[in-house]
Enquirer: 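First the structure, then my questions, so here it is.
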There are 2 protein chains.
Amino acid sequence: MTPRREPLSRRERPAKPALSRQWIVDTAVRIMRAEGLEKVTMRRLAQELDTGPASLYVYVANTAELHAAVLDALLGEVDLAGETAGDGWRDQLLAVLTSYTLVLFEHPQLARSALVARPSGENYLRLLERIVDLLSRSGASREQVAWGVDKLLQDATATAAEQSTREHDPAAEDDWNALTRALHATSRTTHPAIKAHLPALLSGSVAERMRWGFDVLVDGITHTPVPGTADPAPPTSVS
Amino acid sequence: MTPRREPLSRRERPAKPALSRQWIVDTAVRIMRAEGLEKVTMRRLAQELDTGPASLYVYVANTAELHAAVLDALLGEVDLAGETAGDGWRDQLLAVLTSYTLVLFEHPQLARSALVARPSGENYLRLLERIVDLLSRSGASREQVAWGVDKLLQDATATAAEQSTREHDPAAEDDWNALTRALHATSRTTHPAIKAHLPALLSGSVAERMRWGFDVLVDGITHTPVPGTADPAPPTSVS
DNA sequence: ACCTGAACACCGTTCAAGT
DNA sequence: ACCTGAACACCGTTCAAGT
């Protein structure tokens, strides 16, 4: 506590805080918010923390683990209450999944990494708990709920991964235009089915499709028995 | 045709073929098959083609476009006939989607890029045509078919992206173990729903889950009306 | 134990210059 | 028009050496 002059080394840097996993992840989140996940590299992060990249490896195994930690931090923003929705489990489930999707929408590349590197952080577990709970109120079987939760999260994550990059990435627009042109350019003789469904293939807003996709899944999940349970299931010839 | 001695420059290289988009893509596919998509870089590809990376930019706009071309080449391997299946549209649809998924399973990272960069190559269009045709035989509305096809392909692609990387990536195994441990470590008081569904949350083989996921989607797609059509739809409050 | 400098082995993309 | 060398501006990760 005695004001015995700090050495004032490192010129004047304002109180470079000690390295720690928490501090590293927080800084990574800050960089992502400001400039996107693609800028959250070991080297850039080290620079931001005023050290060399090698120092980070004491706290973080590799870039994938770093991104996983950033993802979990972000999942803390998901509105688990589903406040905006009514009282029914279905509306609340839709609200929670929509909130999850919107959070991922804000951060394009993170949705992609979520599809690949299975999260297991505390915020992810909280989200999972909430979704299992809500879906179980549908009255579906344990197995339907368990497998269904996976499908719901996969769908939301994939939608975010698809859509979000289309919003933020300049080239994504071109891809969509290319597909639109390609579909319109198909001939009636070689691609009759596409021709016959053309307007509908490209119709609907993102929100409309998301909403419909949710209904499709919930209807399907609650009405399709899981094979190998008490429910009368179709014979499964798959290993 | 006269055997007038070739200059025999460049030492002895065996007939370096002229650069062309086709040749570039073919070489890229060969590298991917041998060493994975992560090795299909502009620099590595140029090296394989015995030139400098800058030369490739005459034929290919960037790495993303290159990967898209590789993906479309690969889609040529999908079994569109669904030979193995019976006569019903449902079995054939399952067969085609399974074939699509299996092709992506072989090449992990490509599935991920397929989720992001909407393909529009000729092989993709052929696949799309076939799936639209099969699903339309269900008798579902034009809109249900059109939007449903998207969901089916998204589901298959996401499953491949998720699963495949888990198979090929050494670290993916660890992720799954981490999740398994995290789920088992949850407390009954903070995560009761997870606890109650635990065995089922982790049960089922990939094939079983894929099969069930297909049934869920087809059931849901054919029974959930698309909003804004003649079908009696639930009121949509989403923009 | 924690931190670091320096190195190794790579990337994508551009651009001026050549043929 | 096509091709290229060389450069610019980056990467992740490791390792021996320091404190």
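All figures in this text were calculated on a predicted structure; none of them were measured in a lab. Naming convention: chains lettered A, B, ... in sequence-line order (proteins, then strands); numbering from 1 in each chain.
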Enquirer: The criterion is side chain to side chain contact (heavy atoms under 4.5 Å, CB included); which residues satisfy it with B/His191, sequence neighbours excluded?
Expert: A/Leu125, A/Glu129, B/Thr186, B/Ile194
Enquirer: Quick one: list whatever passes side chain to side chain donor-acceptor pair (under 3.5 Å) with B/Asp26, sequence neighbours left out.
Expert: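 With neighbours one apart ignored, the set is B/Gln22.
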Enquirer: Could you note down all residue pairs passing salt bridge (Lys or Arg N to Asp or Glu O under 4.0 Å) where residues 59-75 of chain A supplies at least one of them, sequence neighbours left out?
Expert: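 Residue pairs with at least one partner in residues 59-75 of chain A: A/Arg21-A/Glu65.
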Enquirer: How would you list, by chain and number, every residue that makes a side chain to side chain donor-acceptor pair (under 3.5 Å) with B/Lys195, sequence neighbours excluded?
Expert: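 Listed in chain order: nothing, the list is empty.
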Enquirer: Kindly state which residues belonging to residues 55-72 of chain B come within less than 4.0 angstrom of DNA chain C, counting heavy atoms of the residue only, listed by number.
Expert: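 Within this stretch, B/Tyr57, B/Asn62, B/Thr63 sit under 4.0 Å of the strand.
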Enquirer: Can you pull out the residues from residues 32-43 of chain B that lie within a 4.0 Å heavy-atom distance of DNA chain D?
Expert: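 Contacts with DNA chain D under 4.0 Å: B/Arg43.
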Enquirer: Check salt bridge (charged side-chain N to carboxylate O under 4.0 Å, His left out) between A/Arg126 and all other residues, then give those that pass, not counting sequence neighbours.
Expert: A/Glu122
Enquirer: Please name all residues satisfying salt bridge (charged side-chain N to carboxylate O under 4.0 Å, His left out) with B/Asp150, sequence neighbours left out, ordered by chain then number.
Expert: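 With sequence neighbours excluded, B/Asp150 shows a salt bridge (charged side-chain N to carboxylate O under 4.0 Å, His left out) to A/Arg209, B/Arg118, given in chain and number order.
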Enquirer: Quick one: side chain to side chain contact (heavy atoms under 4.5 Å, CB included) partners of B/Ser113, sequence neighbours excluded?
Expert: B/Leu110
Enquirer: Mind checking what makes side chain to side chain contact (heavy atoms under 4.5 Å, CB included) contact with B/Thr189, not counting sequence neighbours?
Expert: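 Partners of B/Thr189 by the side chain to side chain contact (heavy atoms under 4.5 Å, CB included) criterion, ordered by chain and then number, come out as B/Ser187.
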Enquirer: Where are the stems of DNA chain D, defined as at least 3 consecutive Watson-Crick or wobble G-U pairs with both distances under 3.5 Å?
Expert: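 DNA chain D forms these stems: C:4-8 with D:12-16, C:12-16 with D:4-8.
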Enquirer: Report the residues that fulfil side chain to side chain donor-acceptor pair (under 3.5 Å) with A/Ser55, sequence neighbours left out, ordered by chain and then residue number.
Expert: A/Thr51
